Visitor: 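Encoded as structure tokens, here's the structure I'll be asking about.
Here, residue 1 is the first one in the sequence, and each next residue gets the next number. Computed from a predicted model, the values in this text were never measured in an experiment.
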Amino acid sequence: VALALLTCSFLSVAAGQLRPLPAAGLPGDLFNLGSIASRLRTDRDTTAKASTDFGRMVRAAPEAVLHPRTPADIAELIRFSASSPAPFPVVPRGQGHSWRGQSLAPGGVVVDMRSMARGHRVNVSAAAGAEPYVDAGGEQLWADVLRATLRHGLAPRVWTDYLRLTVGGTLSNAGIGGQAFRHGPQIANVHELDVITGTGEMVTCSRDENSDLFFAALGGLGQFGVITRARIRLEPAPKRVRWVRLAYSDIAMFTKDQEFLISNQASDAGFNYVEGQVQLNRSFIEGPKSTPFFSTTDLSRLAGLASRTDSAAIYYIEGAMYYNEDTTISVDQKMEALLDQLNFEPGFVFTKGVTYVQFLDRVREEESALRSAGVWEVPHPWLNLFIPRSRILDFDTGVFKGLLRDANPAGIILMYPMNKDRWDDRMTAMTPTADEDVFYAVSLLWSALSADDVEQLERVNESVLDLCAETGMECKQYLPHHASQEGWQRHFGTKWGKVAELKAKYDPQAILSRGHKIFRSRA
Ligand code: FAD
């Protein structure tokens, strides 16, 4: 009986359909809209699931969650809000894998994009003689895009490290990974988008058609519209990957080799993927004794290297070379020739042979290990920065050899360079403004294992940002978070005027993706 009463308090029966009871903060008429009323949920179970994100740093429940079946359902909701006397926030949520409340909608409606995934909206075009592409729904996981394209022997060219992210979610940021040095970020590999603007209009856009919306939406942090389809470039997929990590104790050698590997000079004979990691010295003593990549023996050798060289950290270049079975011999020769040109610590090469899918989906294994250890669903005060090449050694001195010298925060630190000319500055995504060809992505991917850790890691992040400001180092946030509009104006710099103008054009009531707190509601 108690369960029945509880259920009744969430739902009322109208016109033969189960309908949610109107939420106090939303116009009652919304719950009478024929097409979407039955797809809105206001029960506490549903709103609670949409009230936090991967970061677990912010909590705010929406008034309702929309489970759209088609893009038209989303357009209907947005049109209703935009034309209402008191417009309410509408926020698309992919996997909620952001970490500062970007996908939350207090006082409004979260659109659970994944509800459309059942429509399997992934269509590959591989006509002979034409460049292949895939049309993927904004709600699709990259893991599912991979599965569908591989059936045709094809795959997108650029990947994020983790594949359980949505197409719309990463394209709203940039989508970076170890292939970006060669092909640019994921946003540079898109031909066409379907976008529902903040007035509820469904628009197809590309470089030639409605181009201002196309460029605005790519890296647009969900500010200009909801991406419901993206046409993404494909290439022939390799079968196998040689995956290596090379250890360095000298940052100057590490960055020199990374920059060589992403240069045109090394490109053809080089890696298909280049990233890098920083492992702080203390973590060899206090951290895990093995990882999905390194065995216990590997880690104890690396610990020996760290203590012998008295370095504050060990740096790894992570590289991958793609090949097919019939080219095994030539991949070995190619690898040997490439490694001969690098300056890693002699003997510190760690190699794995894996399938292409195992390589792309490698973080899945880490996720499983972290889940079983109970440390996946913990707060993640992550900080991602883009730093001009000319300041990366200063950053290392100030942060890894300074602020973090005797620290051992739980988490992973990534550090790898990208070529700026592979980015299109007409898109909303920001890179450092310094007039340099190369910039580094540095990701401080912390896991807070206690409430004290959250505070401490937040202080570390603040100190890093203070150091950047005090030393005049341009540290542009990627997956950015700024608490004030002034912060956002600084973030966008000279692009701010254009961003504000496009916002006024495509989302005049400022109802979309308000979790970023870039624009105040005009209601
Ligand atoms: P959400 O977190 O749900 O949404 C993020 C923002 O995008 C919100 O503002 C939301 O409103 C908006 N949004 C969501 N869907 C749409 C849409 N269809 N149209 C318009 N706006 C939309 N990023 C990288 O670039 N490279 C990496 O290697 C990488 N690795 C990661 C690994 C892990 C374990 C995690 C948790 C994140 C990683 N990310 C990486 C960050 C990731 O790109 C962002 O979190 C991104 O937001 C995707 O997550 P999501 O699909 O869950 O989007």
Side-chain angles (χ1 to χ4, degrees), residues 161 178 241-261 271 273-321 335-336 338-354 358-359 362-370 372-373 375 392-393 395-397 399-417 440-447 449 460:
D161 294 344
V241 174
R242 277 273 196 288
W243 178 15
V244 295
R245 284 194 188 167
L246 314 168
Y248 293 74
S249 58
D250 179 348
I251 175 81
M253 283 299 169
F254 168 70
T255 51
K256 179 172 174 264
D257 281 0
Q258 278 192 320
E259 288 172 29
F260 167 70
L261 288 168
F271 289 131
Y273 160 106
V274 177
E275 287 200 7
Q277 286 196 20
V278 182
Q279 184 165 4
L280 299 173
N281 250 6
R282 281 271 294 274
S283 72
F284 287 112
I285 305 158
E286 296 164 9
K289 298 296 169 233
S290 70
T291 69
F293 192 92
F294 290 128
S295 68
T296 310
T297 319
D298 294 341
L299 277 184
S300 74
R301 280 188 68 217
L302 287 160
L305 173 67
S307 61
R308 208 167 57 243
T309 55
D310 195 30
S311 166
I314 293 296
Y315 308 86
Y316 307 109
I317 286 184
E318 184 169 54
M321 224 174 242
M335 181 68 84
E336 215 180 297
L338 185 64
L339 297 190
D340 271 353
Q341 300 177 69
L342 303 177
N343 303 289
F344 52 89
E345 296 287 340
F348 283 86
V349 184
F350 304 87
T351 310
K352 273 190 176 197
V354 289
Q358 281 169 332
F359 174 70
R362 62 201 175 279
V363 176
R364 183 77 164 159
E365 204 184 324
E366 287 179 33
E367 176 183 355
S368 305
L370 293 171
S372 6
V375 290
I392 197 66
L393 297 185
F395 186 89
D396 174 72
T397 307
V399 176
F400 304 132
K401 298 193 169 80
L403 292 172
L404 294 173
R405 181 161 191 107
D406 295 314
N408 178 29
I412 291 177
I413 302 170
L414 304 182
M415 176 169 164
Y416 59 91
Y440 276 77
V442 177
S443 303
L444 308 176
L445 307 179
W446 310 133
S447 297
L449 305 180
V460 167

Visitor: Count the heavy atoms of every other residue, nucleotide or ligand shown that sit under 6.0 Å from CD of Gln341, and state whether that count exceeds 12.
Guide: yes

Visitor: Taking it one step at a time, do Gln358 and Trp243 satisfy side chain to side chain contact (heavy atoms under 4.5 Å, CB included)?
Guide: CA-CA 11 Å; Gln358 281 169 332; Trp243 178 15; over 6 Å; no

Visitor: Kindly give the heavy-atom pair with the smallest separation between Ala407 and Leu280, and that separation in Å.
Guide: O-CD1, 4.0 Å

Visitor: Donor-acceptor pairs under 3.5 angstrom involving side-chain atoms of residues 302-309: please list them, not counting sequence neighbours.
Guide:
{"residue": "Ser307", "atom": "OG", "partner": "Ala303", "partner atom": "O", "Å": "3.4"}
{"residue": "Ser307", "atom": "OG", "partner": "Gly304", "partner atom": "O", "Å": "3.1"}
{"residue": "Thr309", "atom": "OG1", "partner": "Leu305", "partner atom": "O", "Å": "2.8"}
{"residue": "Thr309", "atom": "OG1", "partner": "Ala306", "partner atom": "O", "Å": "3.4"}

Visitor: Of the non-hydrogen atoms in Gln258 and Glu275, which two are nearest, and what is the gap between them?
Guide: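 So the minimum-distance heavy-atom pair works out to NE2-O, 3.5 Å.
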
Visitor: Count the heavy atoms belonging to other residues, nucleotides or ligands that lie under 6.0 Å from CD of Glu336, then report whether that count exceeds 12.
Guide: no

Visitor: Against Lys401, only a single residue in Asp250, Asp406, Asp396 fulfils salt bridge (charged side-chain N to carboxylate O under 4.0 Å, His left out); can you say which?
Guide: Asp396

Visitor: For the residue pair Asn408 and Ile285, establish whether any side-chain heavy-atom pair is separated by less than 4.5 Å.
Guide: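 SC-SC contact between Asn408 and Ile285 ruled out.
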
Visitor: Please confirm whether the backbone N or O of Phe293 pairs with a side-chain atom of Thr291, one donor and one acceptor, at under 3.5 Å?
Guide: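 Yes.
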
Visitor: Distance check, rounded to the nearest 0.5 Å: Gln277 atom CD versus Ile413 atom CD1?
Guide: 9.0 Å

Visitor: Minimum heavy-atom separation for Phe344 to Leu339, with atom names?
Guide: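 Where Phe344 meets Leu339 most closely, the heavy atoms are CE2-O, 3.6 Å.
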
Visitor: For Arg301 and Asp298, indicate whether the former's side chain and the latter's backbone hold a donor-acceptor pair under 3.5 Å.
Guide: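 No; zero donor-acceptor contacts below 3.5 Å.
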
Visitor: Testing the basics here: between Phe359 and Ala320, what is the closest heavy-atom pair and its distance to 0.1 Å?
Guide: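 In this case the closest contact between Phe359 and Ala320 is CZ-CB, 3.5 Å.
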
Visitor: Begin with the C-alpha distance, continue with both residues' side-chain angles, and end with the deciding distance and a verdict on side chain to side chain contact (heavy atoms under 4.5 Å, CB included) for Phe400 and Met415.
Guide: CA-CA 12 Å; Phe400 304 132; Met415 176 169 164; 4.0 Å; yes

Visitor: Would you say Asp257's side chain and Leu342's backbone share a donor-acceptor pair under 3.5 angstrom?
Guide: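 No.
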
Visitor: Taking all heavy atoms of Ser295 and all of Ser290, pick out the closest pair and write down the distance.
Guide: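 Heavy atoms only, the tightest pair is C-CB, 4.1 Å.
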
Visitor: Under 3.5 Å, is there a donor-acceptor pair between the Glu259 and Tyr440 side chains?
Guide: yes

Visitor: Is any side-chain heavy atom of Tyr315 less than 4.5 Å from a side-chain heavy atom of Leu246?
Guide: no

Visitor: Apply side chain to side chain contact (heavy atoms under 4.5 Å, CB included) to Leu414 and Glu318, showing your working.
Guide: CA-CA 10 Å; Leu414 304 182; Glu318 184 169 54; over 6 Å; no

Visitor: Please report the interatomic distance CD1(Ile317) to OG1(Thr255), rounded to the nearest 0.5 Å.
Guide: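 Atom-to-atom, Ile317:CD1 and Thr255:OG1 are 8.5 Å apart.
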
Visitor: Considering all heavy atoms of both residues, which atom of Ser249 and which atom of Glu345 are nearest to each other, and what is their separation?
Guide: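 Closest pair (atom of Ser249, atom of Glu345, distance): OG-OE2, 2.6 Å.
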
Visitor: Determine the sole option in Tyr316, Phe348, Phe284 for which the ring pair (Phe, Tyr, Trp, His ring centres under 6.0 Å) test with Phe294 is passed.
Guide: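 Result for ring pair (Phe, Tyr, Trp, His ring centres under 6.0 Å) with Phe294: Tyr316.
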
Visitor: Taking Ile251's backbone N and O only, do any of them form a donor-acceptor pair with Lys256's side chain (distance below 3.5 Å, no angle check)?
Guide: no

Visitor: Run Thr351 and Arg242 through side chain to side chain contact (heavy atoms under 4.5 Å, CB included) and show every step you take.
Guide: CA-CA 7 Å; Thr351 310; Arg242 277 273 196 288; 4.1 Å; yes

